[in-house]
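Remarks on the structure that follows.
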Amino acid sequence: MATVLSGISGAFYYKPAGTVDGFIETAINTTTNTISLTPALNFQAGDPVKFRIYNPTTGATVTPDVSNVMPALDVGNVNPATTYYVLTYNNSTGAMTVSATQGGSALDFTGDGTLAAPNKFEVAYADYAAIAEVRDWSLEMTRSEIDVTTIGKQPGQFVPFRTFIAGFAEASGTATVYMTDEDGASANRMIQDVLLRKQAGASVRLYVDQVLSGGVVNDTLSRSIYMEVALTSASLAVNPDDGQQVSINFRPLDQPTFDLTTAA
């Protein structure tokens with residue numbers, strides 16, 4: 001007999017908005033050890049990030065080769081599989097420095113790499129992070145109906161019925177978040193992200209059944225839905241009887257990915 005899942009096995013994971021950008025070789029400054037990115041993004045000190053080479057036309061990752069070489073560091077080339085950390089990001093100029101550890105020293109760039117057109121380098125928030133302050137989340141998916149009724153149907157004892165076909169799908173989601181007095185709380189950051197002008201990178205992973213292996217989320221055994229999103233609104237509620245809550249609404253930018261099956 002199947003076991004009915006309960007909300008205690010659910011979870012809400014998030015990638016902050018404004019934490020992905022593409023750049024070319026000339027963005028690497030080997031004198032100041034900075035990367036010139038787009039201004040007014042939302043990278044923050046301590047953010048885990050990864051680098052890759054990608055094709056901006058298809059979005060596909062490009063494997064480094066003789067024509068596509070990652071920027072060089074004094075300890076070797078940037079490794080797409082390695083997580084680095086934002087040391088500084090200047091919101092006005094877009095200049096970023098990165099380190100090998102949180103709060104460590106700035107990495108020294110010794111070369112700006114090589115790209116074959118039209119490829120670009122990308123820096124992006126490394127992985128989904130748990131929002132521990134989320135009380136609940138919901139996701140509603142609907143399909144529009146297209147009326148394709150034709151006239152001329154032969155009436156009988158009962159009137160003819162209209163004919164419909166399914167149209168485009170859409171979805172909307174919401175998460176109820178508790179505000180805390182922790183300055184660096186991910187939930188507080190998500191609230192602010194609603195008003196960001198550049199939300200590229202905002203993504204959610206909604207766990208229906210989260211399974212841990214050795215204290216780490218096992219996505220093979222877990223059930224989840226994940227998607228890039230636009231954060232559309234935040235509604236705050238403050239009263240003396242409850243914890244301070246914020247209802248955050250979002251919409252997927254494209255078709256969500258459903259990972260609702262498990263494999264041992």
Side-chain angles (χ1 to χ4, degrees), residues 10-23 35-52 54 59 80 82-99 101-103 121-137 139 171-207 210 217 219 224-236 244-254 256-257:
F12 187 100
Y13 279 55
Y14 178 62
K15 287 184 182 180
T19 56
V20 61
D21 197 28
F23 59 96
I35 308 169
S36 294
L37 302 177
T38 304
L41 295 176
N42 194 37
F43 288 104
Q44 297 184 13
D47 280 353
V49 293
K50 285 187 175 181
F51 293 86
R52 68 166 181 152
Y54 76 105
T82 298
T83 298
Y84 301 91
Y85 296 88
V86 175
L87 186 62
T88 61
Y89 171 74
N90 189 311
N91 181 62
S92 299
T93 66
M96 173 188 283
T97 59
V98 294
S99 61
T101 58
Q102 281 191 328
F121 297 121
E122 181 186 78
V123 58
Y125 201 88
D127 204 356
Y128 291 97
I131 306 295
E133 300 85 3
V134 169
R135 172 177 170 78
D136 55 56
W137 61 261
L139 180 68
S172 61
T174 185
T176 304
V177 179
Y178 285 120
M179 291 195 71
T180 72
D181 60 1
E182 181 185 357
D183 290 343
S186 298
N188 294 353
R189 183 171 179 178
M190 184 166 62
I191 296 166
Q192 296 173 336
D193 285 355
V194 171
L195 296 180
L196 279 179
R197 181 166 60 90
K198 301 173 182 177
Q199 288 191 349
S203 304
V204 298
R205 187 155 194 159
L206 310 174
Y207 283 93
Q210 184 188 57
V217 178
D219 284 326
S224 65
I225 306 168
Y226 54 97
M227 66 202 84
E228 289 188 69
V229 298
L231 303 169
T232 57
S233 68
S235 177
L236 285 75
Q244 294 187 16
Q245 300 179 22
V246 182
S247 178
I248 297 176
N249 296 303
F250 55 88
R251 283 189 177 276
L253 297 181
D254 205 341
T257 299

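Model, not experiment: these values are computed from the prediction.
- For the atom pair CG (Leu253) and CD (Gln199), the distance works out to 8.5 Å, reported to the nearest 0.5 Å.
- Leu206 approaches Met227 most closely through the heavy-atom pair CD1-CE, 4.0 Å.
- Gly18 and Leu41 make their closest contact through O-CB, 3.4 Å (heavy atoms, listed as atom of the first residue, atom of the second, distance).
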**Request:** Please test Met96 against Phe43 for side-chain contact (heavy atoms from CB on, under 4.5 Å), starting from the C-alpha separation and ending with a verdict.
**Result:** CA-CA 9 Å; Met96 173 188 283; Phe43 288 104; 3.4 Å; yes

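- Taking the six-membered ring where the residue is Trp, Tyr207 and Tyr13 present perpendicular rings, their angle passing 60° and hence far from 30°.
- Counting heavy atoms from C-beta outward, Gln210 and Val217 have side chains that approach closer than 4.5 Å.
- Of the possible polar contacts, one joining the Thr232 side chain to the Asn249 backbone as a donor-acceptor pair under 3.5 Å is found.
- When all heavy atoms of Arg251 and Ala171 are compared, the pair lying nearest together is NH1-O, 3.1 Å.
- The side-chain heavy atoms of Thr101 and Tyr84, taken from C-beta on, include no pair separated by under 4.5 Å.
- Taking NZ of Lys198 as the start and CG of Asp21 as the end, the distance is 8.0 Å to the nearest 0.5 Å.
- Here Asp219 pairs with Arg205 under the salt bridge (charged side-chain N to carboxylate O under 4.0 Å, His left out) rule; sequence neighbours left out.
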**Item:** CA sep, side-chain torsions, deciding dist, call: Val20, Tyr125, side-chain contact (heavy atoms from CB on, under 4.5 Å)
**Value:** CA-CA 6 Å; Val20 61; Tyr125 201 88; over 6 Å; no

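- Under the 4.5 Å side-chain criterion, counting only non-hydrogen atoms from C-beta, Val194 is in contact with Ile248.
- Between Asp193 and Asn42, the shortest heavy-atom contact is OD1-ND2, 2.9 Å.
- Pro48 and Thr83 make their closest contact through CB-CG2, 3.7 Å (heavy atoms, listed as atom of the first residue, atom of the second, distance).
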**Request:** Verify side-chain contact (heavy atoms from CB on, under 4.5 Å) between Val49 and Val123, making sure each step is shown before the conclusion.
**Result:** CA-CA 6 Å; Val49 293; Val123 58; 3.8 Å; yes

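- Of the possible polar contacts, none joining the Trp137 side chain to the Gly173 backbone as a donor-acceptor pair under 3.5 Å is found.
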Name each donor-acceptor pair under 3.5 Å that joins a side chain in residues 175-184 to protein atoms two or more places apart or in another chain, with its distance.
unit_1 : atom_1 : unit_2 : atom_2 : d
Thr176 : OG1    : Asp136 : OD1    : 2.9
Thr180 : OG1    : Glu182 : N      : 3.3

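- Under the salt bridge (charged side-chain N to carboxylate O under 4.0 Å, His left out) criterion, Asp47 pairs with Arg189, not counting sequence neighbours.
- Here Thr19 contributes atom OG1 and Tyr89 contributes atom OH; the two are 11.0 Å apart, rounded to the nearest 0.5 Å.
- Donor-acceptor pairing under 3.5 Å is recorded for the side chains of Thr97 and Thr88.
- Considering CZ of Phe12 and CE of Met190, their distance stands at 4.5 Å, rounded to 0.5 Å.
- Judged purely by atom type and a 3.5 angstrom limit, Ser186 has no side-chain atom pairing as donor or acceptor with the backbone of Ile131.
- Between Arg197 and Ala40, the shortest heavy-atom contact is NH2-CB, 3.9 Å.
- Rounded to the nearest 0.5 angstrom, Ser203 OG and Glu228 CD are separated by 4.5 Å.
- Here the straight-line distance linking atom CG of Leu236 with atom OG of Ser247 works out to 9.5 Å at 0.5 Å rounding.
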**Request:** Go through the steps for Ile35 and Phe23 under the test side-chain contact (heavy atoms from CB on, under 4.5 Å), then give the verdict.
**Result:** CA-CA 8 Å; Ile35 308 169; Phe23 59 96; 3.8 Å; yes

**Request:** Could you walk me through whether Tyr128 and Tyr14 pass the ring-ring contact (aromatic ring centres under 6.0 Å, His included) test, one step at a time?
**Result:** CA-CA 5 Å; Tyr128 291 97; Tyr14 178 62; 8.7 Å; no

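- Side-chain atoms of Glu122 do not come within 3.5 Å of backbone N or O of Tyr54 as any donor-acceptor pair.
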